[in-house]
Each structure stands twice: as C-alpha cells, then as structure tokens.
Amino acid sequence: LTIYSANCLERNPKEQPPPLFIAMAGSIICDLPEGALVEIFSWLPPESLMRFKCVSKSWYALINSVIKNPEFVNKHLHNVNTISSSSTSSLVFCCVSFAYCRHPKMESLRQRLFKVVTVFHDHHNEWNSRNFVRERFRLPTLPSELNLAHAKRSHCNGIICLAQGETIVLCNPAIMEWRTLPKPCLDNNGFIPLGVVFGYDSRANDYKVVRFEHYRLLRDQVEYFKIGAEVYSLRSDSWKEVGIQLELDRFPHVGEEVFCKGVFYWFVWTHDIIVSFNMFDEVFHSIPLPDDLIVVTRKGHSAQLAVWNNSVALFLFKQEKAVTKSIQVWATDDCSGGVNGSCSWIKKLTITPPVDVAFPLAFLKNDELLMQAATKTFILYNIRSQMIRELSFMEVPRSSVDWDYSYVKSLLSVHGGTQPR
Amino acid sequence: MSSSSTTTTTTRLLMLKASDGVTFEVEEAVATKLGAINNMVEEEGSEDLICLPNVNGKFLGMVLEWCKKHANNNTNSDKGNDEVNKWWDKEFVMDLDQNTLYHLLMAADYLSGTELVDLLTEKVASMIRGKKVEEIRETFKIKSDFLPGQEEEIRKKNSWAFE
C-alpha cells in the first residue's frame, strides 16, 4: 500500500505523480495509473477489449496480458454478472437449428446462419425501456463433422458446449475461440448420449463436461437400458468414467436439464425419475417423483424441470387445444441432489398466463417467467407486477429457433487458461 | 483496533486535511470505508488529523459524501438497503462530467476506496464501451505508435470485433 509518514498519506515516489490535469472539451484520462485502467477494462465487453488493442502499443500489450490473467478474467466475469443482474432481465440466446433445411439448395443459408448465435438482453437504463437489444456473435469455424442441428447444447460463464456423437466442442464466441475436446471414453462401448452438459465446479475451480448416456442390452430377449456417465475436466484435459447404478426397462426420454447449486438435474419423464449429478463430488443420484406428483403427471399433465428461488422446481401444466391455461410450480425445500434418496415437493405457485401460451420454458429471474406463446412468439411474464412482454424475432424462421437462457459474455478461454495455443 | 482512548460507544472523529488546506471532520466509521484511512487508523498511536496532500477539497468532499452514505446505509441491516445503495450510486455518477469523474477516480484509487473505484470505473466503461478506436484515442489523448502495417494486422486478426 501507499507509504505514509507522520500521519501524511503520500504517494509512493516510484509511482507517477498525480497529473496536472486540465479538462479539455470532450477529453479525459490521459495518464490514469495502469491499475485504474485495468479496472475500467474489467467492465468492458470482450469485443470492445479486442477492438481497443488497436489503440496503441501499450494498450495492445496491456490488454493481451490481462486477458491471460485468470484473476482478471474472473473479476471480469463477476462484473458481467453484476451488470446483468441489475438489469431487469437476464440474457437470452438463441441458436438456429437446422433439422428443417437439409436440402442441398439450403446449404448456403445453413452455412450463413450456422455461424450466428443471437443474444437478446434488456437495455437496462430506463424504467419503461422494454426493448430487448439484439447482439450477434459469429461462431468460430467449427469442425465440419459437427452438425449443429443435432448437437446438444449447454453453456456456462460464456463458454458454449456443442456435442454430437463423439465430437464435443467448446467455444467462446465472444473471444472467437473454439476447441475440440478429446474423444469421450465410453463411446466405443456402444453408449449413446442422453444429455451432455457443461458447468462449473466452484470448489475445484474447474469446468467440467458431463455426458450422461445409455446403452441398449438384451437379457432373455427383453431389452433394457444400462445408464453410464463420464466427466471431462478442463483442468486435467481428460475424461473419466463415473459410477451410476441405474438400469431402465425401456428407452428413457430425458427433458431439458437444469443446474442448481452445483448440481445438474434431468427429468426422465418415461420413468418418473429425476437424475442428478453433483459437480463437486461427481456422484449421480436417481430421485423418484413422489406418488402424488406421479398421479398428476399420469392425468395428462406435462412436467418440466425449472429453477425457482434458488431451488429445483417442476412446472406442471396441461395443454388443451395447444393452450396452457394454468401452470403449477412445485419446488423442493432442500433437495441437495437427492442424496437422501428422495425430495419433498411443495406446491408453491399457480400461475394463470394472461394470454394464450403453449407452455412454460423457464424462470429468467424469480419473478420473470419465459413462455412459448401459442402463436410461436415468446412471452416474458412478470408474475409479481403482471407485466407482459412479447419477444419476437423477425430475421430467423420461428420454427427453427432453439433457446437457452442467461448467457453471459466472458473472456474465459476454452483452453482452461493454462494451455494457450 | 484503534489505540485511541475513546470507548467503543463514543464515535471517534477524524480530521482529514486536503491538499488545498480544506479540512473535513468525519466519523471514523465513515472515513474507514477508505482502505488507506483504515490502515492509518489501525496503526498504533495514530492521531486524529490526517493530511491528504494528493486530493483537493472538492473531490475529497465528494468521496466522503459517498462514504457517509454507504456507512449509514450499512449500519441498519435492512434487506432493501442494497437496492437503496444501488439507486443512490446511480444518482451519484449520473451527471458527473469527465473531468470530475477523472479526479474522483484518481482520489478513490489513491485512498483505496475499492467499492467507489468499482462504481467509477464501471461508469467510465459504460461511456467508452461502444466507441471506435479513433474515439478512444481522442478521449484518452493517445497517439497511435504502431509501425505502418502493424495496426492493420491486429485489425485483421480481430476483424469480428470491428463489425
């Protein structure tokens, strides 16, 4: 810290003296200390930082050095999260899926759209500013064997994980980095992925990819499905198999995963169980739904996992003529990954959408419920203020948009910060 | 711990003297929001008068106004305080001109007011975020010192950041 003597706080003589600064119209900050400049950089979006490398040799050197500094990258991520949590809504991103246009004539369109991730976020300056701002990121050149139409997607802290078969790619479009991961270990044994997710283990300070997969077997000419799992660690750059004691009698259908307090959850709706994976101890659990909820799901209700109020929740809803009139939200008090074998579920909310919706998608924040509208647009409904926003996107075919939520732009390297190329 | 003889129930007052001789009488709890002051107070046998030869009265006053607000709002542990602080911070930086912003940032940095540095650097970042390279050079009074061709090469490598 600054040296002082006799109760006088003096600058360290080695530091620059405070500049004799005279304000000029429209100009500031000609000789800020480097530390303050780095603090300013930590609040800038990645593309601004990349662009500002061109300002001068010293900015070029400083920016190149800070983006390789894990402490700075973490501070930057923390700041990005601070900014997005103070806005009225989180970021939403969509990635065009192409199951629909495999015709050769569509090739050029596919190539063009394949390369774009579109992020929508609130322009958070005014109370009544209700418009989403659109940003587009070009994806880096991905390996050709990766067909985005069928890839499983997941993202965490700005890194997007795309997985199809044994090809798994991490990419950070905000800094235009991508990398193909080593081949998973169980793939050769006939396992086919049910879910591939990417997340952060805050205790080990490591990023991990979890592949949760099935393997069809016959026993006395009756088929059954063995469930397997493996985990990739960015730090060790390798895969390892993790134990999961689960066998299912028919093909498992798995819904979208959710992540809550270090644990991933998948709802296997064909079997009324929730499978959880704890990122810290790398242990799987299978949690049966309680009987009273199974009764509801058998009566034609759909169930879908969500995160509400920092706990795992289920949307229960019933569609009639493609419209959902009422959505129940059931939450667990403390599920902690189903370590105790079961969770107690409590009905917390019953939401009546004020307009016609097809189904709920997710809570963006505790109060903001994102729903797919019956007319193929999206509705963001604040359950407290009852304000509604319609989100529609003109430039992409609505039928072929895949959604995910809460994407943040970060400087995190897909190389784990330790092995830059 | 403070070594002064005041009991814990009495609020100790500190005198802070700016470069232009202007003095401020502030409660210890307010002034110690600044890391540099906090360190001095924790020193054995510190006196109540602290000279700050690198900050002038105008900006020291503003820094202390911020400290006071945050020290007061932190004393009652109401949950809504976070929101109140956020609103107040927003107001605090809303209409600062560039010159004031610069001096405040220098003062906050010098006094190790970490939270205030965060607030001010975020404000500066929000002002330069979308700017072009040329505008940054103008704002920061920087001349490009790249050799011919070097800048083009960096632009080419990061072309997506210039769209």
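Each chain gets a letter, A, B and so on, in the order its sequence line appears, and its residues count up from 1. Nothing here was measured: the structure is a model prediction, and the numbers come from that model.
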For the residue pair Pro45(A) and Arg129(B), establish whether any side-chain heavy-atom pair is separated by less than 4.5 Å.
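SC-SC contact between Pro45(A) and Arg129(B) confirmed.
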Taking ring-ring contact (aromatic ring centres under 6.0 Å, His included) as the definition, give me every residue that meets it alongside Phe59(B), ordered by chain and number, with sequence neighbours left out.
His103(B)
Between atom [atom1] of [X] and atom [atom2] of [Y], what is the distance when rounded to the nearest 0.5 Å?
X         : Y         : atom1 : atom2 : answer
Ser48(A)  : Ile136(B) : OG    : CD1   : 8.0 Å
Glu122(B) : Ser42(A)  : CD    : OG    : 9.5 Å
Trp43(A)  : Met127(B) : CH2   : CE    : 15.5 Å
Leu105(B) : Ile40(A)  : CG    : CD1   : 5.5 Å
Lys86(B)  : Thr82(A)  : NZ    : OG1   : 8.5 Å
Cys54(A)  : Arg137(B) : SG    : CZ    : 7.0 Å

Enclosure of Glu27(B) CD (heavy-atom neighbours >12, cutoff 6.0 Å):
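Atom CD in Glu27(B) is not crowded, with 12 or fewer foreign heavy atoms closer than 6.0 Å.
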Considering residues, nucleotides and ligands other than Glu153(B), do more than 12 of their heavy atoms fall under 6.0 Å from its CD?
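Result for CD/Glu153(B): open.
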Heavy-atom pair of closest approach, residues [X] and [Y]:
X         : Y         : value
Phe162(B) : Arg51(A)  : CE2-CG, 3.3 Å
Ala36(A)  : Thr121(B) : O-CG2, 3.9 Å
Ile128(B) : Phe52(A)  : O-CZ, 3.3 Å
Val55(A)  : Phe146(B) : C-CE1, 4.0 Å
Val117(B) : Glu39(A)  : CG1-CG, 4.0 Å

Which region of [X], side chain (C-beta onward) or backbone (N, CA, C, O), has a non-hydrogen atom less than 4.5 Å from a non-hydrogen atom of chain A, or is it both or neither?
X         : value
Asn158(B) : side chain
Gln150(B) : side chain
Lys123(B) : neither

Applying salt bridge (charged side-chain N to carboxylate O under 4.0 Å, His left out) as the test, list every pair that has at least one member in residues 53-64 of chain A; sequence neighbours left out.
none
After noting the C-alpha distance and the side-chain angles of Asp118(B) and Lys75(A), does the key distance pass the side chain to side chain contact (heavy atoms under 4.5 Å, CB included) rule?
CA-CA 11 Å; Asp118(B) 270 351; Lys75(A) 162 115 195 182; 2.9 Å; yes
Contacting region of Phe41(A) [heavy-atom separation from chain B under 4.5 Å]
neither
